[in-house]
> 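Input: one structure, supplied below.
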Amino acid sequence: MEIILFHSVYGLRPAVHAAGDRLRAAGHHVHVPDLYEGQTAETVEEANAIKDAIGWEELVRRSVSAAAPYSDRGLVYAGFSLGAAFAQVLAMGDEKARGLLLLHGTYDVGEDTHLDGLPVQLHVADPDPFEPDDWLNAWYLEMGKAGADAEVHRYRGAGHLYTDPDLPDYDEEAAERTWATALGFLEDLRRDA
């Protein structure tokens, strides 16, 4: 599969490169854009300062520009936390999207969204302060109304960005379960292509 993988609010850190390498080792073509143009953060405060300085609209524009060269091939959009929001936004606007893999985050679905059977897999901590139960329930229902084939995997006790070994949220067991499930999802997409 052709995958575009968007980094979290922390920027293009080693964990994102490692995720790309893991996906490539499974036989996928992976693009990992740097929406922050080289900036990374060590704390959530630094991360939010970078994000806010660039601005939401500019980050969406950069996401669209990063995906544009590959979107005619039928991309799988993927992302971590904030990057998951960008992945979802782009997948919702791409009729050729093959799938959507969300790690640690979601975005508003919108009433006029039509996803026509798009396979979607979400992996999220349980509980997650950035993805509270009420929000996730509403998101899941809205994805269903939009026609997506969505599944949600929750990981009790894990921190928000539990797949990043360089952050305090890291949970090795939850991360490995996430990757095993996500790789199975991608393999199913490849088989169905």
Side-chain angles (χ1 to χ4, degrees), residues 3-24 30-70 75-93 100-109 120-136 138-139 152-179 182:
I3 302 168
I4 189 160
L5 178 64
F6 294 105
H7 61 72
S8 76
V9 72
Y10 287 87
L12 189 53
R13 295 164 46 88
V16 184
H17 287 296
D21 290 344
R22 185 186 295 243
L23 295 170
R24 288 182 194 99
V30 184
H31 310 281
V32 185
D34 184 355
L35 303 181
Y36 287 1
E37 299 177 339
Q39 297 179 84
T40 60
E42 295 300 319
T43 68
V44 71
E45 293 79 15
E46 290 174 12
N48 283 325
I50 295 169
K51 171 186 63 94
D52 293 344
I54 297 169
W56 174 259
E57 294 299 324
E58 176 61 15
L59 288 168
V60 170
R61 188 197 67 72
R62 291 179 185 184
S63 300
V64 170
S65 294
Y70 317 107
L75 281 170
V76 174
Y77 293 90
F80 295 96
S81 192
L82 177 67
F86 299 133
Q88 184 179 320
V89 167
L90 269 61
M92 290 188 308
L100 177 59
L101 176 60
L102 304 173
L103 302 158
H104 320 297
T106 60
Y107 190 71
D108 185 35
V109 178
V120 178
Q121 191 175 84
L122 168 64
H123 297 269
V124 64
D126 180 18
D128 187 322
F130 300 101
E131 301 287 325
D133 289 345
D134 289 349
W135 169 264
L136 283 176
W139 175 87
V152 178
H153 298 268
R154 304 199 63 188
Y155 300 86
R156 172 124 338 248
H160 175 64
L161 275 168
Y162 64 83
T163 58
D164 188 330
D166 296 323
L167 293 176
D169 289 346
Y170 182 59
D171 183 318
E172 182 178 10
E173 190 266 334
E176 289 307 314
R177 282 179 30 224
T178 294
W179 284 115

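These numbers come from the heavy atoms of this one structure, side chains and all, not from hydrogens, waters or symmetry mates.
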> Rounded to the nearest 0.5 Å, how far does CG of L100 lie from OH of Y107?
14.0 Å

> Keeping the roles fixed (side chain from D169, backbone from H160), state whether a donor-acceptor pair exists under 3.5 Å.
yes

> Hey, what do you get for OH (Y162) to CZ (R177), rounding to the nearest 0.5 Å?
8.0 Å

> Of all the heavy-atom pairs spanning S81 and L161, show the shortest one and how long it is.
CB-CD2, 4.0 Å

> Assess the residue pair I4 and L90 against the criterion (side chain to side chain contact (heavy atoms under 4.5 Å, CB included)); give the C-alpha distance rounded to whole Å, side-chain angles, the decisive distance to 0.1 Å, and a yes or no.
CA-CA 10 Å; I4 189 160; L90 269 61; 5.8 Å; no

> Any side-chain heavy atom of V124 sitting closer than 4.5 Å to one from T106?
no

> Show every donor-acceptor pair shorter than 3.5 Å between a side-chain atom in residues 41-56 and any protein atom, with sequence neighbours excluded, or say none if there are none.
{"unit_1": "T43", "atom_1": "OG1", "unit_2": "E46", "atom_2": "N", "d": "3.1"}
{"unit_1": "E46", "atom_1": "OE1", "unit_2": "E42", "atom_2": "N", "d": "2.9"}
{"unit_1": "N48", "atom_1": "ND2", "unit_2": "V44", "atom_2": "O", "d": "3.3"}

> Do T178 and H104 have side chains that approach each other closer than 4.5 Å (heavy atoms only, starting at C-beta)?
no

> Taking the side chain as everything from C-beta on, heavy atoms only, tell me whether L103 gets closer than 4.5 Å to W179.
yes

> Could you list the residues that satisfy salt bridge (Lys or Arg N to Asp or Glu O under 4.0 Å) with D166, not counting sequence neighbours?
none

> Using 0.5 Å steps for rounding, measure from the CG atom of L101 to the CG atom of L23.
7.5 Å

> When rounded to the nearest 0.5 angstrom, what distance separates CD in Q88 from CH2 in W139?
6.0 Å

> Are R154 and D133 ion-paired here, with the side-chain N under 4.0 Å from a carboxylate O?
yes

> Could you pull out the closest heavy-atom pair between L102 and A84, with the gap in Å?
CD2-O, 3.4 Å

> Let's go through D164 and F80 carefully: what are the C-alpha distance in whole Å and the side-chain angles of both, what is the deciding distance for side chain to side chain contact (heavy atoms under 4.5 Å, CB included) to 0.1 Å, and is it a yes or a no?
CA-CA 10 Å; D164 188 330; F80 295 96; over 6 Å; no

> Taking H7 for its side chain and L35 for its backbone only, find out whether a donor-acceptor pair lies under 3.5 Å.
yes

> Using 0.5 Å steps for rounding, measure from the CG atom of L82 to the OH atom of Y10.
12.0 Å

> Got a salt bridge between E57 and R61, using NZ or NE/NH1/NH2 to carboxylate O under 4.0 Å?
no

> What heavy-atom pair brings A19 and L5 nearest, and what distance separates the two atoms?
CB-CD2, 3.9 Å

> Specify the closest pair of heavy atoms between T40 and L12, including all atoms of both residues, with the distance to one decimal.
CG2-O, 3.7 Å

> For P33 versus A66, what's the shortest heavy-atom pair and its separation?
CB-CB, 3.5 Å

> Identify, with sequence neighbours excluded, every residue that meets ring pair (Phe, Tyr, Trp, His ring centres under 6.0 Å) alongside H123.
H153, Y155

> I need the minimum non-hydrogen distance between P132 and P129, along with the two atoms involved.
CD-O, 3.9 Å

> Please round to the nearest 0.5 Å and tell me the distance separating atom OG of S8 and atom OH of Y36.
7.0 Å

> Around atom CD of E176, are there more than 12 heavy atoms from other residues, nucleotides or ligands closer than 6.0 Å?
yes

> Using 4.0 Å as the upper bound for N to carboxylate O, is an ion pair formed by E173 and R156?
no

